[in-house]
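Note sheet for the following structure.
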Amino acid sequence: MESYLAELNDAQRAPVLQKDGAMIVIAGAGSGKTRVLTYRIAYLMSKGVDAFNILSLTFTNKAAREMKTRIAKIVGNSEAKNLWMGTFHSIFAKMLRFEADKLGYPSNFTIYDTQDSQRLISAIIKEMGLDKDVYKYKQVYSRISSYKNSLITVKAYFQNPELMEADAMSKKPRLGEIYREYVDRCFKAGAMDFDDLLLKTNELLNRFPEVLQKYQNRFRYILVDEYQDTNHSQYLIVKALSDKFQNICVVGDDAQSIYAFRGANINNILNFQKDYDNVQMYRLEQNYRSSKNIVEAANSIIEKNKTRLEKVVWTANENGPRIVVNRLLTDGEEGRFVAGSIFENRMEHQMKNGDFAILYRTNAQSRAMEDALRKKDIPYRIYGGLSFYQRKEIKDVLSYLRLVINPKDEEALKRVINYPARGIGQTTIDRLTIAANHYKRSIYEIIENLDRIDLKINRGTKTKLENFINMVKSFQIMNETADAFTIAETVAKKTGLLQELKKDGTPEGIAKIENIEELLNGIRDFVEEQKELADVTGSLTEFLEDVALATDMDKDSGDDDRVALMTIHLAKGLEFPFVYIVGMEEDLFPSAMSMSTRSELEEERRLFYVALTRAEKKAFLTYTQSRYRWGKLVDAEPSRFIEEIDDKYLDFMIPQDDYKYKPLIDTDIFGEVDKSKFRQTKPSSGTPPPSHKPTEEQLQKLRKLRPATSPGNSASAGEVIKLMAGDEVEHMRFGKGKVLSIEGAGQDKKAEIDFETGGIKKLLLKFAKLKLLN
DNA sequence: ACCGTGCCTATTTTT
DNA sequence: TAGGCACGGT
């Protein structure tokens with residue numbers, strides 16, 4: 001049972017074995033912190049702590065899922081299922097649904113995403129007749145967001161002359177009014193935004209001592225991952241919940257704090273020791289991920305920061321090759337170089353596409369990379385950016401579904417009341433909005449009572465409105481008996497959404513139809529799984545919540561073999577053998593927006609630290625001489641971060657003394673040209689790192705570091721694995737089981753499986769991620 | 001009320 | 001460069 005303890009080094013074992021009390025684990029990059037968290041939870045359970053009494057907060061839902069799976073392997077699936085594990089937002093959304101009535105919210109409240117919030121704010125600014133160039137909705141949104149994250153409610157705002165003055169000084173004296181209106185409108189719509197999920201949790205715990213007690217008693221052991229990225233609101237929640245038992249374990253790395261821009265407070269981790277009695281501090285300093293060269297280069301960067309906790313990350317790994325630095329003429333060339341280099345390295349070292357990542361500072365940089373990869377037929381996957389659920393056609397379908405659950409949802413209603421066009425124009429909507437504000441009701445309620453209010457809306461339009469309402473109602477009735485998939489399918493057809501796209505006929509329209517179909521498939525998959533889980537109910541509500549809080553990282557579209565493209569922020573917590581950090585230029589990285597203060601610049605530096613430490617084997621830094629920005633070719637200068645790394649860790653592909661100015665070779669026709677030109681590297685001072693081909697042994701080691709899922713035979717999405725009755729399989733959620741029978745064929749192939757813990761279930765093979773065991 | 005054209009602005013990062 | 005939005009014509 002406790003054999004897993006042997007898999008830990010001494011530093012890792014210590015925090016695992018301390019059962020009670022407050023502790024902080026400062027975990028350097030790649031030092032195995034997830035392992036510590038996982039085993040700590042397993043250990044607690046082995047010492048008799050009930051899974052129901054453990055709360056574990058992670059940064060992404062994906063991290064939570066993976067940890068749960070690993071824990072399930074140790075303690076068994078049925079036990080692991082009872083753990084509360086997830087992001088702050090998802091855990092407390094769940095809690096708020098239980099307690100919603102206390103705060104005056106319906107338990108089926110909507111969660112507004114950033115887009116919904118911004119649209120609403122935009123509408124409010126317009127309604128108030130304010131100048132949209134002064135009151136920029138994005139700015140207003142982030143201002144309101146930061147108030148909420150600091151627990152400054154509307155009331156608190158108006159009691160604080162300093163804040164009001166500050167806003168007045170920045171020429172926005174009416175910001176408070178916008179804030180108030182925004183909050184009112186959200187409440188009226190039965191909606192919470194992302195920040196509300198934390199703010200309202202605080203309110204709940206503060207205002208209702210019996211609720212606080214209930215959850216304090218429930219969550220006797222609390223673990224928080226990525227503690228350096230918690231904001232004030234999250235900090236207070238953790239503090240309140242852990243106050244009674246003080247069994248709290250936080251894990252983090254101040255050197256990897258990269259979310260100050262959205263309110264994360266690095267002091268939460270720096271001051272943790274003052275917040276609790278007898279805090280034990282542990283340090284994980286051995287890096288298992290990266291080569292010595294990378295670890296040391298990263299150390300040399302982070303040393304430039306002043307605010308940090310003392311810690312020395314070291315590794316016993318081999319030296320590894322130096323970090324390659326290359327300059328290209330334009331961003332197009334940069335893309336071609338990276339694609340070419342990936343192609344070569346993949347051959348030379350016999351790696352998979354999935355072993356490569358391209359990291360950038362801003363999403364806009366992905367385009368040049370995509371173009372180049374596509375030309376070379378290298379499969380890739382972009383994470384982040386416009387996520388699937390934010391696409392217009394998807395949000396349209398989801399908006400109808402949201403209305404089914406919560407017809408007061410104003411943003412959803414405004415989105416689809418006239419899409420597809422049904423003759424309800426802006427004038428009508430304006431009148432309804434004014435009436436809704438006047439009567440302090442939702443627009444939906446106004447429409448329901450049209451006959452009782454005189455709104456100068458003509459007969460024809462009234463009929464159209466009634467038809468719309470009746471359609472939504474028919475979906476609601478359906479929702480009482482049918483499952484989410486059936487409803488979603490009906491919505492797509494009956495609202496005319498699909499028809500609208502079909503008749504447009506353009507390639508974009510077709511792509512949109514395919515996206516909607518993908519969404520429907522996803523819902524069907526979701527329903528299949530939910531139906532078999534006894535503890536989950538109202539699946540449409542559940543689905544919408546999942547969607548609202550899903551990130552791009554969460555929906556892994558199978559682990560098919562693709563190069564990963566993402567921002568550095570998204571890459572936190574991940575690792576790849578080969579990492580390309582592109583756009584290493586002043587004003588881009590560090591960003592022009594983040595160079596005015598020391599702390600901003602330090603955050604950029606930590607971001608670079610995070611980027612570099614994602615690499616296991618080899619890292620590449622590229623920059624250009626000019627790059628397309630805002631549609632114009634703009635001159636660029638190499639990033640100061642390149643200079644900050646000691647030369648002995650770098651391998652310049654261009655004359656080093658000259659690296660700022662002239663290209664060594666004309667890269668215009670790279671790809672056609674003799675690539676030996678690129679091989680030449682200037683011998684630089686210091687010990688030349690062995691730049692060798694990895695031995696088979698080393699490759700094996702590399703592979704061992706990869707998540708266990710990659711080499712296995714688990715099926716990726718869409719690919720139906722070959723199964724026969726009698727096969728032993730494993731399911732991510734349900735654990736081990738035996739195939740009883742197979743039915744259907746092709747895409748509809750299903751298997752009846754007897755799971756050890758969950759009983760007999762029928763799964764659609766196309767979606768069920770099954771792993772063959774025998 | 002709808003649709004098309006042309007203009008303007010955006011690029012920092014995300015739950 | 002591209003997508004979103006406003007305005008004007010029908």
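Order of the sequence lines sets the chain letters (A, B, ...), proteins ahead of strands, with each chain counted from 1.
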Exercise. Take atom NZ of A:K375 as the centre, draw a 6.0 Å sphere, and report whether it contains more than 12 heavy atoms from other residues, nucleotides or ligands.
Key: no
Quiz prompt | Integer-rounded Å distance: C:dG4 C1' and A:Y137 OH | solution = 9 Å
Quiz prompt | Upstream residue (5' side of DNA chain B) when A:D195 and A:D133 are each assigned their closest nucleotide | solution = A:D133
All N/O pairs under 3.5 Å across the protein-nucleotides 10-13 of chain B interface:
residue	atom	partner	partner atom	Å
B:dT11	OP2	A:K138	NZ	2.7
B:dT12	O2	A:R361	NH1	3.0
B:dT12	O2	A:R361	NH2	2.4
B:dT13	OP1	A:N363	N	3.0
B:dT13	O2	A:R361	NH2	2.5

Quiz item: What is the ring orientation for A:F620 with A:Y580, classed by angle as parallel under 30°, tilted 30 to 60°, or perpendicular over 60°?
Solution: parallel
Quiz item: How many Å lie between NZ on A:K132 and P on C:dC5, as a whole number?
Solution: 10 Å
Practice problem: May I ask you to establish whether A:R422 and A:F468 are in a cation-pi arrangement, using a distance under 6.0 Å from NZ or CZ to the six-membered ring centre and at most 45° from the ring axis? | Solution: no
Exercise. Indicate, yes or no, whether a donor-acceptor pair under 3.5 Å links the base of B:dT15 to the side chain of A:T114.
Key: yes
Quiz item: For A:K632 and B:dC8, what is the distance between atoms NZ and C1' respectively, to the nearest whole Å?
Solution: 13 Å
Quiz prompt | NZ (A:K462) with more than 12 external heavy atoms under 6.0 Å | solution = yes
Self-check item: Output field: ring centroids A:Y623/A:F589 closer than 6.0 Å
Solution: no
Quiz prompt | Distance, rounded to the nearest Å, where A:R627 contributes CZ and C:dT1 contributes P | solution = 16 Å
Exercise. Mind calculating the distance between NZ (A:K392) and P (C:dG4) to the nearest angstrom?
Key: 10 Å
Quiz item: Once you round it to whole Å, what is the distance between P of B:dT14 and CD of A:Q234?
Solution: 16 Å
Practice problem: Take atom P in C:dG4 and the same atom in B:dT13, then report the distance between them in whole Å. | Solution: 16 Å
Distances for protein N/O vs nucleotides 1-3 of chain B N/O pairs under 3.5 angstrom?
residue	atom	partner	partner atom	Å
B:dA1	OP1	A:G425	N	3.1
B:dA1	OP1	A:T428	OG1	3.1
B:dA1	OP2	A:T427	OG1	2.6
B:dC2	OP1	A:G423	N	3.1
B:dC2	OP2	A:N418	ND2	3.0

Self-check item: Length of the CG-P vector between A:N265 and B:dT15, whole Å
Solution: 20 Å
Quiz prompt | Validation row, ring centre A:H569 to ring centre A:F261 under 6.0 Å | solution = yes
Exercise. Verify, without hydrogens or angle tests, whether A:Q365 (side chain) and A:T362 (backbone) share a donor-acceptor contact under 3.5 angstrom.
Key: yes
Quiz item: What's the CZ-C1' distance between A:F92 and B:dT15, to the nearest Å?
Solution: 14 Å
Exercise. Compare every heavy atom of A:Y380 with every heavy atom of A:R562, then report the nearest pair and how far apart it is.
Key: NH1-O, 3.0 Å
Exercise. List for me each residue that meets side chain to side chain contact (heavy atoms under 4.5 Å, CB included) alongside A:D131, sequence neighbours excluded, and say none if there are none.
Key: A:D133, A:V134
